[in-house]
Amino acid sequence: MANPRKILVTSALPYANGPIHIGHLVEYIQTDIWVKFQKLRGNKCIYLCADDTHGTAIMMSAQRKGCSEEEWIAAVSEEHQRDFAGFGIEFDNYGSTNSPENYELCKLFWQSFRNAGLVRKEAVTQLFDDEKGIFLADRFVRGTCPKCAADDQYGDSCDQCGATYSAREIINPVSTLSDTTPSVKTADHLFIQIEKLHDFLDQWTQSGEHLQSEIANYLKGHFLNEPLRDWDVSRPEPYFGFEIPDAPGHFWFVWFDAPIGYMASTKQYCDRTGEDFESWWKDPSTEIYHFIGKDITYFHTLFWPAMLKVAEFTLPKKIHIHGFLTVDGRKMSKRDGTFVKAETFLKHLNPAALRYYYASKLNNRVEDLDLNLKEFTTKVNTDLVGKVVNLASRTAKFVQQTGLSPEYPEDGGLFQKAAEAGDAIAAAYEACDFNRAIRLIIELADQANPYVESHQPWNLRKDPERQQELQDVCTVALNLFRQIAIYLQPVLPEIAEKTNSLLGDPIVKWEQAASPLTGTPVKQFEHMMKRIEEKDVNNMIEESKDENETVEAEENTTQSTDSAQPLIDEPLADEITFEEFAKVDLRVARVVKAEHVEEANKLLKLTLSLGGDETRQVFAGIKKAYNPEDLDGRLVVMVANLAPRKMRFGISEGMITAAGPGGEEVFMLAIDEGAQPGQRVH
RNA sequence: GGGCCUGUAGCUCAGUUGGUUAGAGCAGGGGACUCAUAAUCCCUUUGUCGGCGGUUCGAGUCCGUCCAGGCCUACCA
């Protein structure tokens with residue numbers, strides 16, 4: 001390789017608040033494969049990561065556990081690193097955002113912002129948990145939506161009506177940390193006036209070089225089409241994080257110091273290896289790549305480039321964004337047992353299988369990746385065990401005595417063809433189109449197996465006259481196998497390692513796939529990979545279900561068999577008097593007409609009869625849970641004296657009563673046989 | 001409503017800058033082999049390439065439009 005590139009790669013920093021699961025692993029496996037590929041190509045490439053350790057959630061976890069934050073994050077970090085190592089993910093440095101290196105770099109960034117005159121102070125009024133003594137981020141507040149009166153909504157937005165608001169507007173707010181009613185308090189916050197970098201961000205995000213096109217379009221349409229709001233980067237004490245040196249009592253918000261953690265981890269790497277930090281972050285010829293998930297897009301595509309720009313560091317060459325993991329077409333779910341922890345996976349299955357499966361599915365787009373468990377099993381067994389490893393296992397023992405032929409035999413151009421495929425495979429890896437790379441590689445195995453088949457080494461073996469031929473056939477097969485092992489090394493380093501043990505020639509360079517191995521001994525063949533058994537997959541899912549039940553049981557303080565979750569999600573409301581209750585006029589009503597509303601996602605239009613000629617038109621958010629035809633004639637319980645409300649599709653004259661979180665899980669109140677429309681519910 | 005993406009065989013997908021009769025893997029059916037982890041190899045069925053319209057000598061590929069699905073965003077109890 002003429003000019004090795006210098007490449008710095010990161011994955012998002014996992015939050016130090018929970019275990020690594022198979023959803024996280026999409027990103028770390030994707031990044032690790034890309035890094036291993038770059039290293040195999042002979043580039044100077046380092047892979048950095050760290051635990052993201054600051055913020056309120058960490059404080060709460062430590063408190064619940066009864067230990068200090070430092071103890072908590074140390075334990076989590078150890079677990080994270082153990083899990084990553086279990087999947088063959090190799091970092092050149094794994095740090096922590098709670099490190100002295102990170103603090104120093106934060107100060108440096110901060111000073112740059114100060115010098116550039118971008119910091120502004122403003123008083124912010126927030127809810128405050130008196131019992132815990134802390135300000136409450138929106139998601140730690142629940143209460144009644146000020147727009148639609150839905151109960152038990154988060155402090156920033158309503159699940160039911162989608163309205164967004166500040167936690168201060170929410171009705172009957174409750175702190176989820178202490179279940180107490182928060183008070184209102186004002187504190188100064190520090191903001192970065194990111195709008196002053198608008199032109200730069202326009203140009204950087206839209207250049208077509210750094211972001212996938214769909215991401216560039218998204219930013220253009222949602223953020224860059226209007227002035228950027230100032231970014232609130234401080235939190236008043238108490239807050240687990242770094243105190244801002246020139247603003248005592250104020251701490252940097254976790255999202256300020258988290259990406260800087262990439263650099264702090266680099267710093268640790270450099271201190272350990274004696275390399276020059278600036279050659280990684282200040283040298284424009286160094287390529288910086290960030291791999292992240294779509295959930296943290298704007299922190300990395302707006303704030304982070306802005307920070308680097310102001311502090312005069314090298315901007316990322318590419319921010320590579322991937323989608324989420326689904327299992328069997330659905331979101332990972334604790335109840336279904338598809339929320340599989342890395343640790344649990346390793347108890348039942350080979351990590352190489354997951355690396356291979358993810359690789360075979362990953363492409364360059366911001367698409368969700370589906371782990372189909374049936375396909376997972378057949379793909380790994382058919383491709384890897386049946387086709388790839390089989391090449392070695394069916395031929396190696398015939399040349400155990402003789403080793404490989406001294407000269408590479410005639411093979412009909414198979415080796416040459418596979419060597420030439422190297423460029424296309426490399427291009428696919430480089431572009432993060434691993435799906436394509438795998439397809440190209442498996443094609444090679446599909447060509448190699450018929451070769452063995454047609455040359456029948458098992459028959460040659462019986463004929464003393466044809467021993468040379470036998471050696472030649474196996475030499476070809478093992479070389480074709482080795483090419484595949486080299487191409488797959490970024491995905492399956494263990495297979496490459498075992499190939500090395502078998503053939504005695506370590507795989508260290510991509511170019512090795514271009515020249516055959518000859519005249520070397522062949523060791524006894526040992527299994528390289530076990531088939532996946534369906535029962536192992538099932539056991540893993542079952543154990544994940546059990547884990548979840550255990551967790552629920554721990555959280556469940558009552559003896560009842562019903563989950564305590566609903567009450568946790570929505571604590572009991574304040575006591576009211578009978579008179580207050582009596583204000584709500586609940587009536588039995590009959591659905592006389594139920595119809596779809598064009599263009600409404602959640603609403604059905606109901607005409608309710610209260611008996612006689614009294615009818616009410618009500619829009620109810622139950623479209624996803626009920627078919628209109630199933631409702632006709634049914635008795636429901638409605639709030640009959642609710643003030644009419646104008647909605648986009650007409651006036652709603654009341655509400656029907658139902659329980660459940662919304663969406664498909666809405667359960668209407670039914671009333672026993674005999675009730676008459678118009679009767680009041682007491 | 002707005003933005004983005006997707007729609008090709010039962011399933012997962014490939015189809016390069018438009019160019020002959022549209023492909024692969026898996027699954028299904030038939031056969032062969034027995035070296036190999038019940039692995040492998042050969043043969044084989046299936047497609048209005050989401051619909052319609054257009055550009056072109058020629059469209060799975062380009063343009064328009066509609067339909068369906070997904071993600072995001074907004075509105076809506």
Side-chain angles (χ1 to χ4, degrees), chain A residues 145 147-150 157-164 212-223 225 294-295 297-298 323-324 326 329 360-361 363 365-368 370 372 374-379 381-398 424 427 433 435-436 438-440 442-443 445-446 448-462 470 473-474 477 525-533 597-606 618-623 639 642 645-656 658 662 666:
Chain A
C145 172
K147 292 245 173 74
C148 73
S157 66
C158 174
D159 279 347
Q160 294 298 302
C161 72
T164 55
Q212 287 132 302
S213 58
E214 55 262 55
I215 298 296
N217 289 338
Y218 163 75
L219 296 173
K220 194 175 168 185
H222 287 97
F223 296 96
N225 61 343
K294 63 183 180 183
D295 51 329
T297 294
Y298 75 89
F324 295 147
T326 55
S360 78
K361 297 289 252 185
N363 61 28
R365 283 182 294 228
V366 191
E367 266 173 10
D368 288 355
D370 186 46
N372 180 299
K374 182 81 176 53
E375 187 196 27
F376 169 67
T377 308
T378 59
K379 198 168 199 127
N381 289 347
T382 307
D383 290 0
L384 290 185
V385 182
K387 290 178 180 170
V388 175
V389 171
N390 189 227
L391 272 174
S393 90
R394 71 193 305 198
T395 54
K397 75 170 185 186
F398 299 140
D433 198 351
N435 161 272
R436 184 184 179 81
I438 296 294
R439 246 191 359 258
L440 292 170
I442 294 303
E443 263 177 36
D446 280 335
N449 273 307
Y451 171 87
V452 176
E453 201 76 18
S454 65
H455 289 79
Q456 307 186 24
W458 54 92
N459 286 335
L460 296 176
R461 161 181 77 144
K462 298 172 192 159
L470 172 64
V473 167
C474 295
F525 180 80
E526 281 168 27
H527 269 15
M528 293 186 172
M529 190 170 196
K530 254 182 39 207
R531 303 173 66 75
I532 297 180
E533 304 213 21
V597 183
E598 284 292 314
E599 296 175 14
N601 294 331
K602 300 176 182 172
L603 297 180
L604 289 183
K605 181 177 170 183
L606 304 179
V618 171
F619 289 94
I622 57 172
K623 176 176 177 158
V639 184
L642 191 66
R645 188 179 184 91
K646 187 170 177 305
M647 294 174 60
R648 192 167 127 212
F649 312 106
I651 306 261
S652 188
E653 307 166 311
M655 277 176 78
I656 60 163
V666 173

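All values below were derived from every heavy atom in this structure, side-chain atoms included, with hydrogens, water molecules and symmetry-related copies excluded. Each chain gets a letter, A, B and so on, in the order its sequence line appears, and its residues count up from 1. Bear in mind the structure is a predicted one, so any value in this text is a computation, not a measurement.
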In whole Å, what is the span from the [atom1] atom of [X] to the [atom2] atom of [N]?
X: A/Asp433; N: B/G15; atom1: CG; atom2: P; answer: 8 Å
X: A/Asn390; N: B/U34; atom1: CG; atom2: P; answer: 16 Å
X: A/Trp458; N: B/C35; atom1: CH2; atom2: C1'; answer: 6 Å
X: A/His527; N: B/A36; atom1: NE2; atom2: P; answer: 11 Å
X: A/Arg461; N: B/C35; atom1: CZ; atom2: P; answer: 6 Å

**OP:** Let me have RNA chain B in dot-bracket notation, would you? Count Watson-Crick plus G-U wobble pairs, both distances under 3.5 Å, and use [ ] for pairs crossing earlier ones and | for inter-strand partners.
**Re:** (((((((..((((.....[...)))).(((((.......))))).....(((((..]....))))))))))))....
Can you tell me which nucleotide in [options] comes closest to the side chain of [X]?
X: A/Asn449; options: B/A14, B/C41, B/U12; result: B/C41
X: A/Arg531; options: B/C35, B/U37, B/A14; result: B/U37
X: A/Glu375; options: B/U12, B/A14, B/C72; result: B/U12

Using a cut-off of 4.0 Å on non-hydrogen atoms, how would the nucleic acid contact of [X] be classed: base, sugar-phosphate, or nothing?
X: A/Val618; value: nothing
X: A/Pro457; value: nothing
X: A/Lys397; value: sugar-phosphate
X: A/Lys220; value: nothing

For [N] versus [M], give the span between their [atom1] atoms, rounded off to a whole number of Å.
N: B/G15; M: B/G7; atom1: P; answer: 10 Å
N: B/A74; M: B/C13; atom1: P; answer: 29 Å
N: B/G19; M: B/U61; atom1: P; answer: 11 Å
N: B/A9; M: B/A22; atom1: P; answer: 14 Å
N: B/G50; M: B/C11; atom1: P; answer: 14 Å

Original post:
Between A/Arg439 and B/U12, does any side-chain N or O lie under 4.0 Å from OP1 or OP2?
Top reply: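 Negative; the distance criterion is not met.
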**OP:** Would you indicate, yes or no, if B/C41 has its OP1 or OP2 atom less than 4.0 angstrom from a side-chain nitrogen or oxygen of A/Arg394?
**Re:**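 For A/Arg394, the contact criterion (side-chain N or O under 4.0 Å from OP1 or OP2 of B/C41) is not met.
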Original post:
Do NZ/NE/NH1/NH2 and the carboxylate oxygens of A/Asp446 and A/Lys387 come within less than 4.0 Å?
Top reply: yes
**OP:** Examine the side chains of A/Asn372 and A/Glu375 and answer whether a donor and an acceptor come within less than 3.5 Å of each other.
**Re:**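 No, no side-chain donor-acceptor pair sits under 3.5 Å.
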